[in-house]
Amino acid sequence: DATLDPLDALRRVSDRVADGDHAARVGPLETAELHDVERAFDRMLDALADAKTRAIETKKLATVGRVAAGVAHEINNPLTIIRGYVKTMQEDAPASLTSELAIVDDEAAICQRIVDDLLAYARAPALRRERVSVRSLVTDAVTRLETVNAGPSFRVDVDDAELDADPVRLRQVLGNLLRNAEQTGGPVDVTGRSAGGTYTLAVHDRGPGYDDATRARLFEPFFTTKQSGVGL
């Protein structure tokens with residue numbers, strides 16, 4: 001297009017964008033006086049493309065949120081009942097059935113966690129801040145995982161501090177990071193450092209990491225690289 005008459009090139013690109021080709025750009029024009037026009041035109045097209053992408057994502061996420069809330073609400077009640085009966089059965093079950101019932105309870109717990117994730121995703125985020133001890137939070141999260149799983153060891157080295165934070169949300173984020181990290185197979189290091197009025201909590205695993213394409217989609221709901229994952 002840039003090799004055509006400059007004004008004709010602008011018209012042709014405008015027509016292509018109107019027809020749905022949002023990747024169309026003018027590119028360098030031979031007429032030096034129109035370089036600023038060409039750059040401004042292409043910047044405008046970039047902005048329009050970004051706005052369209054954001055609008056589509058917003059609409060899609062709103063629809064998914066409504067569906068997720070309905071499905072999660074209907075599933076959560078029977079899951080709670082199932083787990084209640086399993087725990088009652090475990091109290092009187094013979095030793096030969098104890099491990100099998102534990103597996104049933106674990107699988108139901110996984111389903112319930114997915115339901116909780118769906119509900120949390122569907123709701124507008126609301127934080128309930130309070131004073132939280134980082135060391136207690138991390139110790140509790142690690143202990144829970146070590147009690148349930150015989151995975152890699154966790155090495156904890158955190159500066160204790162009192163944070164103004166939502167403990168439920170913070171525990172959810174930390175729990176997800178720890179569960180993902182333990183699946184890499186190596187030891188997992190959890191470090192926490194307080195400096196300059198901020199606190200940095202990090203989970204280091206021995207996994208291969210992500211390529212750029214995957215990294216760009218990490219916060220996209222329902223995107224996952226795991227066969228059994230849900231991407232929340």
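Residues: numbered from 1 along the sequence shown. Treat the numbers as computed from the prediction; the structure is a model and nothing was measured.
In this structure, Leu163 is a member of the same hydrophobic cluster as Val173, with clusters built from ILVMFWY side-chain heavy atoms closer than 4.5 Å. A continuous path of hydrophobic side-chain contacts links Leu145 to Val156 [ILVMFWY only; heavy atoms under 4.5 Å].
Looking at Asn176, its side chain does come within 3.5 Å of a backbone N or O of Gln172 through a donor-acceptor pair. Judged purely by atom type and a 3.5 angstrom limit, Tyr210 has no side-chain atom pairing as donor or acceptor with the backbone of Arg217. Between the Thr139 side chain and the Arg135 main chain, a donor and an acceptor come within less than 3.5 Å of each other. With hydrogens and angles ignored, the 3.5 Å screen pairs no side-chain donor or acceptor of Ser136 with any backbone N or O of Ser133. A distance-only check finds no donor-acceptor pair linking the side chain of Thr184 to the backbone of Asn180 [under 3.5 Å].
A salt bridge links Arg171 to Asp140: one of the charged nitrogens lies within less than 4.0 Å of a carboxylate oxygen. The pair Arg193-Asp157 counts as a salt bridge, with a side-chain nitrogen and a carboxylate oxygen less than 4.0 angstrom apart.
Residues Val134 and Asp159 fail the side-chain proximity criterion, which asks for heavy atoms closer than 4.5 Å. Using a 4.5 Å heavy-atom cutoff, the side chains of Val190 and Leu201 are in contact. Between Tyr199 and Val158, some side-chain heavy-atom pair lies under the 4.5 Å cut-off. Side-chain contact between Asp166 and Leu170: absent, with no pair of heavy atoms (C-beta onward) separated by less than 4.5 Å. Looking only at side-chain heavy atoms (C-beta outward), Arg128 and Val168 stay at 4.5 Å or farther from each other.
Here the options are Val142, Val188, Asp189, the test is side-chain contact (heavy atoms from CB on, under 4.5 Å), and the partner is Arg155; only Asp189 passes.
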